[in-house]
Chemist: 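Dumping the structure here so I can ask a few things about it.
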Amino acid sequence: MDKYRIDSHKLMYHPERVSDWLRGKQVYPIYMEISPSGSCNHRCIYCGLDFMQYQPRFLDTPILKKRLAEMGRLGVKSIMYAGEGEPFLHKDITEIIAFTKRSGVDVAVTSNAVLFNEKIADRTLPYLSWIKVSINAGKASTYAKIHRTMPGDFDKVIKNMAYAVKVRNNKGYPCTLGMQIILLPDNYKEVVLLAERTKAMGMDYLVVKPYSQHPLSKTRVFKDIKYDQYLNLSEKLKRFNDKRFNAVFRLYSMKKWDDAERNYKHCLALPFWAYIDAGGDVWACSMYLKSSKFLLGNIYKNSFRDIWESKKHGRLNHWAASKLNTRECRVNCRMDEINRYLWDLTHPSEHINFI
């Protein structure tokens, strides 16, 4: 059960955008990830963006709002606030979330939820499509070791999300409430316990996902992790699934991590998404946050249209689709499944008319 297609992709629901791309037309991203904060209140032992150094910088609210309105007009359909820091550290995050939705863009947040208190929940739940909480243990002591924080943060998260469930249900908001655990040797014994707690408190899903090594990350402890020994958890979690709750064990992604094989040689997905860091830089791919080749511009200096339609972006898309060696890319990157889909579309097998 994976009704949210978390272990797959949803690009097939945007055939018009894909069709325009296939015909060589200019397309704007369907989805974007934006980092409103460079700071983070945790220092998770698996953090893939630790090389960004948790800089105490925050996106300028007036400029961001101006760009958000522009993005909505240009056809951006969704934005997830996450990135290299904790989004709820931004002092205007509730205002930003509301404005994003009012700009015609679906909005979501990935967070550790320690700061997602009652006040913030009341102000954001009406506008959010979903919030996904990173909670990487079933016990406070293990949580503290993995998140490198105080054990009391675990209880804060549980309390905050229990309140969010109550408000969401009472008000009838459509916001989906989920949690996510990265499966590690340090927490695999607590996955079932976390599923029990997650379901009991009224969450909609728990995702169990594999670790993914960012090539630039300082953290190398888990780079050789193998998941074949943990796959039995998939069967154990099935008993939690019903019409209300979904335990998503990302079996497909774990198998891909273990064998690391791709059906695509180059990257075709760049035109469909983008990343904006906490300094306002617009990146074609979050894998290459230190490479000037993938830096498209900065929202403080240019409009999003000028950045996206720049000659540099056009040249980069062409190079990525024809020369970028994806064997050097991050395994299970966010665009992996989309690349597999687009590669099949552009490299069809024989007898495709026999549907």
Side-chain angles (χ1 to χ4, degrees), residues 4 36-37 39-47 54 80-83 85-98 107-184 186-187 189-209 237 240 242 244-248:
Y4 303 108
S37 166
S39 298
C40 191
N41 52 339
H42 287 179
R43 293 291 185 272
C44 299
I45 61 175
Y46 60 83
C47 183
Y54 312 106
M80 178 181 73
Y81 290 110
E86 166 53 47
F88 288 118
L89 281 171
H90 196 293
K91 64 182 180 63
D92 298 324
I93 191 62
T94 59
E95 178 184 349
I96 290 169
I97 288 171
V107 56
V109 175
T110 294
S111 163
N112 59 46
V114 174
L115 302 175
F116 190 58
N117 56 36
E118 295 182 4
K119 183 178 180 180
I120 292 178
D122 288 337
R123 292 182 177 182
T124 58
L125 286 173
Y127 304 102
L128 289 169
S129 293
W130 51 263
I131 179 170
K132 182 164 58 183
V133 178
S134 178
I135 180 169
N136 295 285
K139 299 177 181 179
S141 57
T142 310
Y143 174 91
K145 292 177 182 178
I146 294 175
H147 285 250
R148 287 197 285 202
T149 187
M150 300 298 293
D153 278 0
F154 182 83
D155 296 325
K156 288 180 182 178
V157 173
I158 299 300
K159 178 182 177 182
N160 289 343
M161 296 315 298
Y163 178 80
V165 169
K166 179 181 177 181
V167 172
R168 189 273 307 268
N169 293 347
N170 289 344
K171 297 289 187 179
Y173 296 142
C175 179
T176 299
L177 303 173
M179 289 184 166
Q180 175 177 279
I181 179 172
I182 293 180
L183 187 58
L184 302 170
D186 310 63
N187 62 16
K189 293 181 180 179
E190 297 179 18
V191 169
V192 173
L193 174 61
L194 182 60
E196 291 174 348
R197 298 196 68 166
T198 303
K199 182 174 183 177
M201 64 189 294
M203 302 294 285
D204 297 303
Y205 67 79
L206 171 69
V207 175
V208 183
K209 66 177 291 187
L237 290 172
F240 294 101
D242 55 32
R244 187 189 62 78
F245 183 79
N246 206 188
V248 182

Chemist: Please find the pair of heavy atoms, one from A140 and one from P151, that lie closest to each other, and give the distance.
Modeler: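 Looking at all heavy atoms of both residues, the shortest contact is CB-O, 3.7 Å.
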Chemist: Look at the aromatic rings of Y46 and H147 and report parallel, tilted or perpendicular, splitting at 30° and 60°.
Modeler: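 The rings of Y46 and H147 stand perpendicular, inter-plane angle above 60°.
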Chemist: Might you point out which heavy atoms bring V114 and N160 nearest each other, and give the distance in Å?
Modeler: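 In terms of heavy atoms, the two residues are closest at O-ND2, 3.1 Å.
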Chemist: I want to know whether Y205 and F245 have ring centres closer than 6.0 Å.
Modeler: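 Ring centres of F245 and Y205 not closer than 6.0 Å.
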Chemist: Would you kindly say whether S111 and E86 are connected by a side-chain donor-acceptor distance under 3.5 Å?
Modeler: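 There is such a pair (donor and acceptor under 3.5 Å, judged by atom type) between the side chains of S111 and E86.
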Chemist: Return yes if a side-chain donor-acceptor contact under 3.5 Å exists between N41 and N112, otherwise no.
Modeler: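 Result is yes, a qualifying pair exists.
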Chemist: Which heavy atom in Y143 sits nearest to a heavy atom in H42, and how many Å separate them?
Modeler: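 Heavy atoms of Y143 and H42 come nearest at OH-CE1, 3.2 Å.
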Chemist: For a quick test of reading the model, state the closest non-hydrogen atom pair linking L89 to S37 and the distance between them.
Modeler: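 Closest approach of L89 to S37: CB-OG, 3.8 Å.
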Chemist: Could you tell me if the side chain of Y54 sits less than 4.5 Å from the side chain of R43, heavy atoms only?
Modeler: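 When only atoms from C-beta onward are counted, Y54 and R43 do touch, with a gap below 4.5 Å.
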Chemist: Using salt bridge (charged side-chain N to carboxylate O under 4.0 Å, His left out) as the criterion, list what pairs up with R197, not counting sequence neighbours.
Modeler: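 Testing R197 for salt bridge (charged side-chain N to carboxylate O under 4.0 Å, His left out), a comparison that skips the adjacent residues, returns none.
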Chemist: Taking all non-hydrogen atoms of both residues, which atom of P87 and which atom of T110 are closest, and how far apart?
Modeler: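 Closest approach of P87 to T110: CG-O, 3.4 Å.
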Chemist: If the condition is side chain to side chain donor-acceptor pair (under 3.5 Å), which residues does D242 pass it with, not counting sequence neighbours?
Modeler: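 So D242 forms a side chain to side chain donor-acceptor pair (under 3.5 Å) with K199.
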Chemist: Is there a side-chain contact between Y81 and H90 (heavy atoms, below 4.5 Å)?
Modeler: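 The answer is no, as the side chains (C-beta and beyond) never meet within the 4.5 Å cut-off.
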Chemist: Could you go step by step and tell me if D204 and R168 meet the salt bridge (Lys or Arg N to Asp or Glu O under 4.0 Å) rule?
Modeler: CA-CA 11 Å; D204 297 303; R168 189 273 307 268; 2.9 Å; yes
Chemist: Ignoring hydrogens and angles, state whether a donor on the side chain of S134 or Q180 is under 3.5 Å from an acceptor on the partner side chain.
Modeler: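 No - no donor-acceptor pair under 3.5 Å links their side chains.
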